[in-house]
Amino acid sequence: MTTAAAPQPTPTVSLSADEARRIALRAQGFIGAPDRRGGVRGVLRHLGAVQLDTISVLARSHELIPYARLGAVGRPAVERAYWSDGHAFEYWSHAACILPIEEWPHFAFRRRARRARGHRWHVLRDKELSTKAVLDRLRADGPLTSTELGGAKNGGEWFEWSETKIAVEWLLDTGEVVCSERRGWKRVYDLPERAVPDALLHDDLDDRECLRRLVALAGQSLGVGTRADIADYHRLGGEQFDAVVEESGLVPVEVEGWSKPAWAAPEALAAPPRGRHRTTLLSPFDSLVWDRPRTERIFGFTHRLEAYVPKPKRMHGYFAMPLLAGGRLQGRVDPAREGTTLVARQLSLTSPKAAGPMAQALREAASWVGCDAVRVERAASPAEAESVRAALAAL
């Protein structure tokens with residue numbers, strides 16, 4: 001069976017590559033004064049999804065996201081902003097993500113799809129009995145972690161989940177429980193009627209409306225993007241995007257140098273982006289750069305997370321963080337902490353002029369995580385190492 005071709009819209013607006021880059025930066029919160037009043041919750045609502053990951057170098061990725069946009073917001077304040085007062089929940093979006101609670105209804109299509117499949121990759125021995133036991137416990141004693149529910153592991157290999165863990169994750173997939181917070185990096189599970197406001201606690205949006213809303217929101221969060229860019233934001237299929245894009249409100253545009261059709265949010269086209277650019281280090285899981293083909297197309301910058309690459313084969317380091325400065329990606333650094341020293345284990349610059357911004361970003365990051373010194377250990381060349389050291393000394 002052949003798949004229908006993706007729609008070929010008639011562009012109503014032409015954008016230069018530079019305009020598209022600036023629109024993307026503004027949509028992601030990197031141009032203009034930081035929204036201090038909105039704070040971390042404002043960043044979450046603006047982005048629509050903040051990816052979670054287990055790796056913690058300077059901090060965990062979900063902490064690095066607001067830091068990159070707001071500056072040195074306190075790390076305990078970040079956690080409180082996400083997980084207190086019912087403002088957010090965790091679910092499967094681009095990956096495992098923190099999502100604004102207002103988006104609970106939009107993922108009804110995914111909950112229904114998981115339910116229709118009947119199981120996740122782990123299969124329950126007795127689904128009815130195991131899920132009932134979890135729900136009964138949460139009704140009586142919740143919210144609880146999987147350990148508190150009875151244990152996450154079955155005593156075998158680290159990846160071998162217990163029946164309880166499989167059950168509660170299945171219930172999370174289908175929306176019968178909600179991850180209401182992370183506690184010590186463990187998911188905390190609760191019942192939807194306790195964790196989701198009454199006004200949002202419904203699954204009556206049909207699949208098409210869920211998809212339409214998510215496509216529209218992804219377009220707003222990206223500013224401008226191709227079919228693949230926008231669909232990938234919440235891990236939708238290309239056909240799902242095609243089915244609703246004409247109803248999403250997104251505007252077909254033509255972007256210089258982009259070989260594929262693109263769409264922009266109307267508000268992104270209403271006025272040219274103006275204001276200061278942030279200078280900061282980015283998590284590799286930041287939504288500005290999590291889509292590697294898009295990052296290369298917009299910034300001419302190839303980036304790869306090498307945490308899962310064997311050490312001898314790494315080119316840039318375990319957790320290389322791109323440097324954003326002047327609206328461009330101007331280098332990368334693999335950071336670590338040794339006591340109160342932030343160590344740049346390996347860095348590289350796209351040009352000699354990037355030494356100053358790299359030093360500034362390193363110094364600010366060091367201060368944020370409680371370090372009082374910065375040491376450059378290695379660089380792509382001795383000249384780059386010396387230029388960053390000199391710029392650090394001048395700060």
Side-chain angles (χ1 to χ4, degrees), residues 9 11-36 38 42-43 45-50 64-71 215-230 232-233 248-284 286-303 321-332 349-351 353-354 356-358 360-361 364:
T12 58
V13 176
S14 292
L15 298 172
S16 69
D18 188 62
E19 286 171 328
R21 176 182 59 81
R22 288 172 59 79
I23 284 172
L25 285 163
R26 181 176 62 183
Q28 283 283 301
F30 289 108
I31 291 181
D35 182 5
R36 300 291 181 196
V43 168
R45 287 192 300 273
H46 191 75
L47 298 180
V50 168
L64 293 167
I65 305 309
Y67 163 74
R69 290 154 177 82
L70 302 174
V215 165
L217 288 169
Q220 291 170 21
S221 297
L222 290 171
V224 61
T226 65
R227 173 189 192 238
D229 296 346
I230 297 168
D232 185 61
Y233 203 80
S248 68
L250 300 181
V251 177
V253 297
E254 181 180 61
V255 181
E256 174 194 9
W258 292 20
S259 61
K260 295 184 178 178
W263 288 259
E267 57 269 36
L269 302 174
R274 292 191 177 91
R276 250 181 101 191
H277 291 85
R278 282 283 294 149
T279 295
T280 191
L281 299 178
L282 300 172
S283 162
D286 194 297
S287 48
L288 183 69
V289 296
W290 66 19
D291 185 333
R292 308 309 188 216
R294 174 180 169 86
T295 302
E296 189 160 357
R297 186 186 339 117
I298 292 179
F299 296 103
F301 189 88
T302 302
H303 191 68
M321 300 178 68
L323 167 68
L324 178 68
R328 300 182 185 277
L329 298 178
Q330 298 198 33
R332 71 196 96 207
L349 309 174
T350 59
S351 77
K353 292 181 181 178
M358 177 64 82
Q360 178 187 337
E364 184 182 83

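Computation of the quantities below employed the complete heavy-atom set of this structure, encompassing side-chain atoms and omitting hydrogens, waters and symmetry-equivalent molecules.
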Point to revise | Nearest heavy-atom neighbours spanning Arg69 and Ser287 | key: NH2-OG, 4.0 Å
Revision key, fill the gap. Output for pair (Asp18 CG, Arg328 CZ), nearest 0.5 Å, gives 5.5 Å
Exercise for review: Could you tell me the separation between the CG atom of Leu25 and the CD1 atom of Ile298, rounded to the nearest 0.5 Å?
Suggested key: 8.0 Å
Check your understanding: Should Leu47 and Gln28 count as side-chain neighbours, where that means a heavy-atom distance under 4.5 Å?
Key -> yes
Check your understanding: Can you find a heavy atom in the side chain of Val255 that is under 4.5 Å from one in the side chain of Thr226?
Key -> no
Review point. Would a 4.5 Å heavy-atom cut-off, applied to side chains only, mark His303 and Pro284 as touching?
Key: yes
Exercise for review: Under the side chain to side chain contact (heavy atoms under 4.5 Å, CB included) rule, what do Trp258 and Val224 come out as? Steps first, then yes or no, please.
Suggested key: CA-CA 11 Å; Trp258 292 20; Val224 61; 4.2 Å; yes
**Study point:** Residue list, ring pair (Phe, Tyr, Trp, His ring centres under 6.0 Å) with Tyr67, at least two apart or on another chain
**Key:** Trp368
Exercise for review: Not counting sequence neighbours, list each pair that qualifies as a salt bridge (charged side-chain N to carboxylate O under 4.0 Å, His left out) and has a residue in residues 267-282.
Suggested key: Arg278-Glu364
Review point. Is there a side-chain contact between Ile230 and Val215, using heavy atoms and a 4.5 Å cut-off?
Key: yes
Point to revise | Stepwise side chain to side chain contact (heavy atoms under 4.5 Å, CB included) test for His46 and Ser221 | key: CA-CA 7 Å; His46 191 75; Ser221 297; over 6 Å; no
Exercise for review: Output the distance between atom CG (Leu64) and atom CG (Asp286), rounded to the nearest 0.5 Å.
Suggested key: 8.5 Å
Review point. Does Arg332 reach the side chain of Phe301, with side-chain heavy atoms less than 4.5 Å apart?
Key: yes
Review point. Just how far is it from atom CZ of Phe30 to atom NE2 of His277, taken to the nearest 0.5 Å?
Key: 11.5 Å
Check your understanding: How would you list, by chain and number, every residue that makes a salt bridge (charged side-chain N to carboxylate O under 4.0 Å, His left out) with Arg26, sequence neighbours excluded?
Key -> none
Review point. Who passes ring pair (Phe, Tyr, Trp, His ring centres under 6.0 Å) against Trp290, sequence neighbours left out?
Key: His94, Tyr233
Practice item. Taking all non-hydrogen atoms of both residues into account, name the closest pair between Leu250 and Ala216 and its distance. Key: CD2-O, 4.2 Å
Study note, to complete from the structure: residues 291-302 vs salt bridge (charged side-chain N to carboxylate O under 4.0 Å, His left out), sequence neighbours excluded, gives Asp229-Arg294, Asp229-Arg297
Revision key, fill the gap. Interatomic distance, CG@Leu288 vs OG1@Thr280, rounded to 0.5 Å, equals 11.0 Å
Exercise for review: Give the C-alpha distance, both sets of side-chain angles, the deciding distance and a yes or no for side chain to side chain contact (heavy atoms under 4.5 Å, CB included) between Leu70 and Arg36.
Suggested key: CA-CA 7 Å; Leu70 302 174; Arg36 300 291 181 196; 3.8 Å; yes
Point to revise | Over all atoms of both residues, closest heavy-atom pair of Ala268 and Gly223 | key: CB-O, 3.7 Å
Review point. Testing Thr279, Leu282, Leu281 for side chain to side chain contact (heavy atoms under 4.5 Å, CB included) with Leu324, which one passes?
Key: Leu282
**Study point:** Set of residues satisfying side-chain contact (heavy atoms from CB on, under 4.5 Å) with respect to Arg45, sequence neighbours excluded
**Key:** Arg41, Pro100
Practice item. List the atom of Ser283, the atom of Ile65, and the distance in Å for their closest heavy-atom pair. Key: CB-CD1, 4.3 Å
**Study point:** Between Glu256 and Ser16, a side-chain donor and acceptor under 3.5 Å
**Key:** no
Exercise for review: Of all the heavy-atom pairs spanning Gly219 and Ala265, show the shortest one and how long it is.
Suggested key: O-CB, 3.8 Å
